[in-house]
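Right, one structure below, let's go through it.
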Amino acid sequence: MNEAIRFIVDVASLGSLYALMALGLVLVYGILRLVNFAYGELIMIAGYTLYLLSGSPLPWLVMAACAVVAALAASVLTERVAFRPVREKSLTAMLITSFAVSTLFQNAALLFISPRARLVPLPDLFSESIVIGGMLFFVRELLAIVVSISMLVLFTALLNRTVLGIALRAAADNFRMTRMLGVPANLVIGVAFAISGFLAGIVALFWLGRTASVMPGIGLEPLIVAFVATVLGGMQSLVGAVVGGYVLALMTVGINTFLPQALVDYRQAFTFSLVILILLFRPEGLVRGK
Amino acid sequence: MMRENIFDWTNGRTFIAGAAAAILLAAGLGGAGTANAASHEIFIGGALSLTGIQAPLDEPGLRGARLAVQAINARGGVLGRNLKFINLDGKSDPVTVGNNAAQLIAEGAELIIAPCDFDFGGPASREAQKAGLVGISTCASSPLYGSVALGDMQFTLAMWNTQMGGAAAEYAFNERGWKTAYVVTDTFIDYTTSLSEFFIKHFENIGGKVIFEDKYTQGAGDFSAQLARMQRKLAEEPADVFFISSYMPDLGMIIRTIRLAGIDLPVVGGDSYDDTGLFDALGEKFGDDIYFATHGYMAPGSAPGMEEFLALHEQVYPDEPLTSFVATGWDVVQIMAQAVEIAGTTDGAAVAKVMEDNVFNFLTGSMDWSSAETGHEPDKSVALIELQDGKTTFLGWTRPTDVPKPDYLIKYLERQESD
């Protein structure tokens with residue numbers, strides 16, 4: 001029983017982060033058909049913002065807010081400076097641009113900060129564990145679940161209850177038609193990038209909170225996770241991204257836990273084989289778009 | 001904190017400082033006849049990576065190498081010639097590293113500094129070997145880095161993982177009396193895999209018992225299953241110590257997770273722990289009871305020449321040297337300079353011979369390479385460092401005895417003998 005609860009909490013905390021990462025990626029993809037390969041670097045930027053603020057007397061929550069704002073600003077800025085000028089050209093141009101942006105950010109961190117790991121300050125809560133019903137839980141994991149689920153609820157409300165949300169959903173469904181109906185493209189795209197950056201910032205707090213450090217290449221894993229989760233969940237659907245995130249976490253933790261010790265070296269092969277298998281039967285992902 | 005048997009760098013084999021001084025004099029006298037050769041600089045080429053995944057390991061070494069060039073030139077260079085050092089970014093791509101080395105050699109490089117890894121450094125060493133030049137990797141600890149795989153003029157400044165793992169095993173078993181170990185191995189790269197392999201071999205050879213070896217992969221981001229397994233296994237059979245072979249950033253995550261779960265066994269590891277990034281990430285709360293084997297200790301008094309190095313580092317760089325990987329770069333250039341001085345030439349074969357025949361003693365302790373026929377196996381002193389309350393203490397130098405040889409070398413030596 002205890003092990004089952006442990007397993008569920010592990011999956012839920014990892015899955016919540018995966019879901020947020022995937023959502024941030026698929027939001028932009030839905031509108032522009034662009035897989036933003038610079039997405040992981042937004043997480044890196046949030047991390048370095050925390051590092052640069054680590055000597056300051058600010059309370060942690062303020063630092064965290066700054067980090068999220070930095071990721072959001074970087075996301076909006078890359079859209080304005082890098083993606084918008086090539087948007088009308090071709091999808092390939094945008095894709096290459098996203099690689100360029102990613103490399104630029106990484107190298108800037110290498111040059112101006114350091115190639116080696118740097119401290120990300122954490123609140124004391126992140127270094128604590130609590131015992132509930134005789135079981136030990138990490139406060140960080142529980143917080144990740146609570147914050148992620150609140151984000152998902154907030155985000156759903158935004159999409160369903162506000163004009164902006166309706167515009168976003170319409171743009172994701174049929175961008176050209178949405179523009180013809182008078183919705184300003186730049187606004188919708190700008191908002192999508194802003195939300196994507198915001199989610200990356202939130203993810204960064206918990207993702208980097210595991211190691212308490214940030215490095216220039218730190219964005220690669222979240223990017224891959226987000227990409228696989230969206231492909232798995234269905235790239236045409238926002239719900240799919242969330243489902244994909246949780247399913248990927250379930251597979252990761254499940255394989256890690258139940259694979260016999262002799263095969264444990266190959267667990268990533270198992271995870272990705274499973275992903276391929278699912279895609280064979282459901283090429284559009286688990287959740288089909290309209 | 002001084003322990004017996006650890007401070008042994010002063011009683012190694014004959015030291016060559018005196019010999020070097022004598023030869024320096026001789027070179028000064030004999031130099032008159034070769035005024036032509038003395039008029040240009042000795043060109044050292046570097047193919048270290050400043051970008052990509054290899055950058056965290058190569059950037060500190062590059063710093064150290066540059067400082068050493070500066071220091072050596074300030075005291076008059078080598079054989080009356082100043083050193084010139086140019087590094088081309090290898091971009092963490094083995095092909096680029098090889099091309100860079102070839103380009104530097106074409107432009108006249110006489111010695112090559114190779115990246116701190118067998119896969120990334122090997123291509124540079126192979127180019128050096130092809131051109132008949134000495135190549136030294138700053139800190140590749142793969143037991144493959146030597147004369148058998150790369151050629152008779154190729155060396156690595158680091159101890160091999162055989163010795164690093166061996167030193168960690170001896171410290172745990174002999175010094176501390178920890179008899180049973182629980183091992184966690186990051187299987188993402190060869191370094192972490194082979195370090196665990198040789199720790200386990202030596203730990204068992206000297207009488208220890210490894211109760212379990214679990215696997216993790218850098219970048220997986222999730223240690224929960226390993227933790228659950230660890231708690232289960234440790235409940236069945238307690239262990240005295242952890243050996244965790246991984247590197248930043250996930251090394252920080254693994255140790256934090258274990259400590260957060262309330263498991264406070266001591267942790268032993270290798271040179272990837274030598275990183276202030278790790279100490280910061282663990283902080284005072286989790287940075288306790290951790291011991292690791294590495295290249296040196298960046299504080300006055302730990303090794304000859306450390307004061308000079310630290311003073312120069314302070315002049316040139318705004319921050320402190322954060323890791324002994326800086327010292328490996330410094331030592332590569334110092335050893336190159338000393339070997340060229342003794343050989344009286346930069347000719348690869350002559351310099352390699354000097355490197356095989358002498359014991360060198362700089363910031364990373366004393367270094368004695370075996371002959372090319374026996375693999376250029378480094379016999380090097382290993383620095384032991386302790387982390388308590390997030391602060392490091394230098395425990396001293398050690399030299400593990402009878403560490404296991406890598407399989408390929410055993411076979412190679414057997415073949416040599418039977419021929």
Side-chain angles (χ1 to χ4, degrees), chain A residues 3 6-7 9-11 13-14 17-18 47 51 54 103 106-107 110-111 114-122 124 126-129 131 136 138-141 207-218 220-222 224-225 249 252-259 261 264-265 267-268 271, chain B residues 49-60 62 89 92 185 187-188 193 212-229 231-232 247-257 259-262 275-286 319 322-323 325:
Chain A
E3 291 205 351
R6 175 86 262 161
F7 182 76
V9 170
D10 287 341
V11 171
S13 80
L14 195 67
L17 290 184
Y18 282 8
Y51 160 67
S54 61
T103 312
Q106 276 196 37
N107 284 334
L110 276 171
L111 272 177
S114 167
R116 294 178 80 86
R118 286 289 183 268
L119 172 74
V120 170
L122 297 176
D124 290 342
F126 273 47
S127 304
E128 272 162 30
S129 45
V131 178
L136 188 80
F138 300 163
V139 177
R140 176 183 50 76
E141 283 191 337
W207 187 254
L208 303 177
R210 301 163 313 132
T211 56
S213 49
V214 57
M215 291 175 85
I218 202 89
L220 182 65
E221 305 151 37
I224 292 174
V225 164
T252 308
V253 179
I255 285 176
N256 224 343
T257 308
F258 299 115
L259 206 63
Q261 197 57 30
V264 99
D265 276 352
R267 59 184 170 262
Q268 274 177 323
T271 310
Chain B
S49 294
L50 294 177
T51 50
I53 56 167
Q54 181 63 19
L57 293 171
D58 278 0
E59 191 265 351
L62 183 64
D89 181 7
S92 302
T185 305
T187 53
F188 194 59
T193 318
F212 190 68
E213 182 190 8
D214 206 348
K215 307 284 174 67
Y216 172 79
T217 311
Q218 184 82 207
D222 171 44
F223 195 72
S224 58
Q226 283 86 348
L227 179 66
R229 200 147 45 225
Q231 285 166 325
R232 216 168 42 239
Y247 56 102
M248 288 301 280
D250 287 4
L251 176 60
M253 190 264 292
I254 295 174
I255 298 179
R256 282 181 67 90
T257 307
R259 291 293 192 244
L260 206 49
D275 186 340
T276 45
L278 174 67
F279 314 149
D280 288 343
L282 296 176
E284 276 182 37
K285 187 165 179 190
F286 299 123
D319 47 352
L322 299 171
T323 155
F325 288 95

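Values below: every heavy atom of this structure, side chains too, minus hydrogens, waters and symmetry copies.
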Do [X] and [Y] come within less than 4.5 Å of each other through their side chains, counting heavy atoms only?
{"X": "B:D280", "Y": "A:Y51", "result": "no"}
{"X": "A:E128", "Y": "B:K285", "result": "yes"}
{"X": "B:Q54", "Y": "A:P115", "result": "no"}
{"X": "B:S224", "Y": "A:V253", "result": "yes"}
{"X": "A:L122", "Y": "B:R256", "result": "yes"}

Heavy-atom pairs under 4.5 Å with chain A - which of [options] has more of them than the others?
{"options": "B:T187, B:T217, B:T185", "value": "B:T217"}
{"options": "B:P249, B:A228, B:G277", "value": "B:P249"}
{"options": "B:G219, B:P60, B:G52", "value": "B:G219"}
{"options": "B:L278, B:I53, B:T323", "value": "B:T323"}

Heavy-atom contact with chain A under 4.5 Å, split by part of [X]:
{"X": "B:R259", "value": "neither"}
{"X": "B:Y247", "value": "neither"}
{"X": "B:F223", "value": "neither"}
{"X": "B:D214", "value": "both"}

Going through the distances and angles, do A:N256 and B:Q226 end up as a side-chain contact (heavy atoms from CB on, under 4.5 Å)? CA-CA 8 Å; A:N256 224 343; B:Q226 283 86 348; 3.6 Å; yes
So, does A:T211 use its side chain to make a donor-acceptor pair with the main chain of B:G252 at under 3.5 Å?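 Checked: no pair found.
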For the student: nearest non-hydrogen atoms of B:F325 and A:R116, plus distance: CD1-NH2, 3.8 Å
Taking all non-hydrogen atoms of both residues, which atom of B:L260 and which atom of A:F126 are closest, and how far apart?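 That would be CD2-O, 4.1 Å.
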Pairwise distance OG1(A:T252) to CG(B:D222) - rounded to 0.5 angstrom: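 Result: 7.0 Å between the selected atoms.
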Is it the case that atom CZ in A:F7 sees more than 12 heavy atoms from other parts of the structure closer than 6.0 Å?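 Above 12, so yes.
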Contacting region of A:I218 [heavy-atom separation from chain B under 4.5 Å]: side chain
If we define contacts as heavy-atom pairs under 4.5 Å, which of A:G217, A:S127, A:G254 has the most with chain B?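 The answer is A:S127.
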